Amino acid sequence: MRTYDIIRKKRDGGELSEAEIKAFIDGYVSGEIPDYQAAALCMAIYFRGMSVEETTALTFAIRDSGERLDFSDIEGLRVDKHSTGGVGDKTSLIVAPIVATLGVKVAKMSGRGLGHTGGTIDKLESIEGFCTDLPIAKFKKIVNEVGIAIVGQNASLAPADKLLYALRDVTATVDSLPLIVSSIMGKKLAADDDCIVLDVKTGSGSFMKTLDDSRKLAELMVAIGKRAGKKMRALITDMDRPLGNAIGNSLEVVEAIETLRGKGPADLVELCVALAAHILCLADKGSYEECEKAAREAIASGKALKTLADMVEAQGGNKEWIYNPENFPKAKYSFAVKAKTDGYITGVDTEGYGVASLLLGAGRNTKDDEIDMAAGIYLCTKTGDFVHCGDTLAWLYSEKESAFAAAEKRLLEATRISDVAPEKKPLILDIFE
Ligand code: URA
């Protein structure tokens, strides 16, 4: 079938066959199919959607577009945890050391910040000397010896996603369910893990803004993972509030360290313990209650913090920074954002908080931008708190004093304050398995 005919079939609402999808992806990666035809197909998929069969075929074609990793020389059960992207989401830095401490192997490939959301690789690079680009043999050696290693996405893995993602980013086709599912799962399935736990974010700070869409996303990713022979679980978690108090790279690493020291903010602790317990359950380490207890003990005993420090050392980082987080460089300037009125914080536009953090220098506006590792936001108040006019809502940090005015404006616009206390909303909204 001609490329033209494949595009036309999807444009007219037809169902593509597995062979047509594979031919398209292979042709795009080899350079035979140009960007403009791939962009046209993405737009057709955006408007017409895809059946479960088509989405599965697209995921497998993306998975098979490059190298498939072989982790069979990593001893024991291998797990991965993946978040669909949020604001203040430093859970991987906490959950991965907890479960590795308790005997499951974490061979993790993570991403960089995307849009208003942060990325684990950028956060880890705020630790002096930490290397996120290791040869695969060294990566596996560290997983075997320490139980955990976290590196950036290998360039030879799922190259179709790399090309498609860049194209979707500039053609307004990111927020399409089949395209998100195939992008995330295509990459995950190219790695060789036994169990995958997904943290599907929902709400204003995530790519999926409604609970309904997030449920569809979770259900589909779990189904496709199972078809590929993986043990799967997905939690839907609230991103109508930033997670924890810190937003920004080194600020988030320090908050992760504090959490592993037993001094984390309540929402972050709740989610990390739940994610760790679900991973451990999936890895047959006991009942949910037993796994939850074990996760809390891994924090209380200091063992999970040691696992993080050992991983940092094995990947070339300065482990003293993990035991003494005051070593992380501080931003040159700070600024207190004050409440302009009395009242309850009834809700926030989390994406606005993410954008304020970008304005301070914590993320990239173009793909070549340098990140200011110490830039970001520390929240002194969260949804549900009562504030008085003049109370500090948050501290802003940056190397650029000139960035404060725009970031303050964005943060204040994103914070709703009213006389009536809001209803408490659970953090974990649903679970799919
Ligand atoms: N993360 C990805 O890797 N891909 C998407 O499409 C969205 C979030």
Side-chain angles (χ1 to χ4, degrees), residues 21 25 28 38-39 41-47 49-50 54-56 58-63 65-66 69 80-89 91-92 108-123 132 150-191 193 196-210 213-222 224-225 228 232 234-237 239 243 350-351 354 358 363-364 367:
I21 291 171
I25 292 298
Y28 184 42
L41 185 67
C42 285
M43 194 54 89
I45 293 172
Y46 180 90
F47 281 113
M50 276 185 141
E54 286 176 296
T55 310
T56 307
L58 182 58
T59 305
F60 290 173
I62 291 175
R63 173 196 68 186
S65 65
L69 295 180
D80 195 1
K81 175 241 149 218
H82 182 82
S83 154
T84 56
V87 177
D89 181 8
T91 52
S92 289
K108 188 157 173 47
M109 301 208 166
S110 290
R112 295 193 180 276
L114 195 61
H116 66 277
T117 68
T120 303
I121 291 303
D122 293 329
K123 291 170 201 176
T132 57
I150 306 180
V151 292
Q153 192 77 33
N154 186 312
S156 60
L157 220 70
D161 179 60
K162 208 170 177 169
L163 293 170
L164 280 173
Y165 200 92
L167 198 66
R168 289 165 56 210
D169 208 15
V170 291
T171 55
T173 50
V174 170
D175 45 347
S176 145
L177 193 81
L179 293 177
I180 295 177
V181 168
S182 55
S183 164
I184 293 177
M185 291 307 290
K187 285 182 291 232
K188 291 285 121 186
L189 297 179
D193 290 295
I196 303 172
V197 171
L198 300 164
D199 180 3
V200 178
K201 302 287 184 196
T202 190
S204 60
S206 69
F207 291 116
M208 286 283 132
K209 306 289 186 203
T210 70
D213 282 347
S214 304
R215 284 200 171 108
K216 286 186 195 136
L217 183 69
E219 207 168 3
L220 205 48
M221 289 200 289
V222 166
I224 291 175
M232 297 291 304
L235 275 63
I236 312 255
T237 69
M239 213 359 98
L243 195 56
T350 314
E351 182 171 343
L358 288 185
R364 299 175 186 83
K367 71 181 174 36

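Note that ligands are numbered from 1 as they come in the structure, with each ligand's atoms numbered from 1 the same way. Quick caveat: nothing in here was measured; it's all calculated off a predicted structure.
Closest approach of Thr59 to Ser182, counting heavy atoms only: OG1-CA, 3.4 Å.
Annotation: side-chain contact (heavy atoms from CB on, under 4.5 Å) contacts of Ser204 (sequence neighbours excluded): Asp240, Asp349, Thr350.
Arg63 places no side-chain N or O within 3.5 Å of a backbone atom of Gly186 that could act as its donor or acceptor partner. When atom types are taken as modelled, the side chain of Ser176 and the backbone of Thr173 share no donor-acceptor pair closer than 3.5 angstrom.
A salt bridge links Asp199 with Lys201: at least one charged nitrogen is closer than 4.0 Å to a carboxylate oxygen. Looking at Arg364 and Asp122, a side-chain N of the basic residue comes within less than 4.0 Å of a carboxylate O on the acidic one, giving a salt bridge.
Near ligand 1, Tyr165, Arg168, Ile180, Ser183, Ile184, Lys187 each place a heavy atom less than 4.0 angstrom from the ligand.
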